[in-house]
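Data first, discussion second: the structure below is written as structure tokens.
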Amino acid sequence: MNAKIFRFEVEHPDYGTVIVESIGEDSATMTAAKRWDADWAKIAGWCRVRKLGTARKPRCRRCHREFGEAGSPAAYCPECERAMEWERRRRPQFKREDRRAKER
């Protein structure tokens, strides 16, 4: 998908206001309806959609750098993913003792 991702503010009189990232106003309304757990067809006419600008790039939870494409759901940058995988593999695999009462 090569579409540009934007941020939209979707407002409804009963459900309130929510900010979503989407490629257009219609899909922003659908995304907001999913968050509100409402039927999109019934509330679409009452929604007001306002474009806020382009979506932000994701920030890594570990090193706090921006990476990737705007609107991407990734949590960690590729460098941190590699480092965490290396730490996971390096960690010894201890056999845990059984703590159930009958096995003591």
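We number each residue from 1, following the sequence as shown.
Here the closest heavy-atom approach between residue Thr29 and residue Ala44 is recorded as CG2-CA, 4.1 Å. Minimum interatomic distance between Glu69 and Pro58 (heavy atoms only, all atoms of both residues): O-CD, 3.2 Å. The shortest heavy-atom contact between Ala75 and Phe67 is C-CZ, 4.3 Å. Between Val10 and Ala28, the closest heavy-atom pair is CG2-O, 3.8 Å. The nearest pair of heavy atoms linking Ala33 to Ile43 is CB-CD1, 3.8 Å.
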Review point. For Glu85 and Arg88, what are the C-alpha separation, side-chain angles and deciding distance, and is it a salt bridge (charged side-chain N to carboxylate O under 4.0 Å, His left out)?
Key: CA-CA 5 Å; Glu85 181 62 28; Arg88 243 181 266 131; 2.6 Å; yes
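In this structure, CH2 in Trp36 is found 10.5 Å from OG1 in Thr31, a value given to the nearest 0.5 Å. Taken to the nearest 0.5 Å, the CD1 atom of Ile19 stands 9.0 Å off from the CZ atom of Arg35. In this structure, CG in Asp39 is found 12.0 Å from NZ in Lys34, a value given to the nearest 0.5 Å. The distance from the NE2 atom of His12 to the CH2 atom of Trp46 is 7.5 Å, given to the nearest 0.5 Å. Remark: Thr17 OG1 to Glu9 CD distance equals 5.5 Å, nearest 0.5 Å. Rounding to the nearest 0.5 Å gives a distance of 9.0 Å between OG of Ser22 and CE of Met30.
A salt bridge does not link Lys51 with Glu25: none of the charged nitrogens is closer than 4.0 Å to a carboxylate oxygen.
In this structure a side-chain-to-backbone donor-acceptor pair under 3.5 Å is present from Arg59 to His64. Side-chain atoms of Arg61 never come within 3.5 Å of backbone atoms of Cys77 as a donor-acceptor pair (strictly under, hydrogens ignored).
Criterion: ILVMFWY side-chain heavy atoms under 4.5 Å apart, direct or through other members. Under it, Phe8 and Ile5 are not part of a common hydrophobic cluster. Under a hydrophobic-cluster definition in which Ile, Leu, Val, Met, Phe, Trp and Tyr are linked whenever side-chain heavy atoms come within less than 4.5 Å, directly or via other members, Val20 and Tyr15 are assigned to the same cluster.
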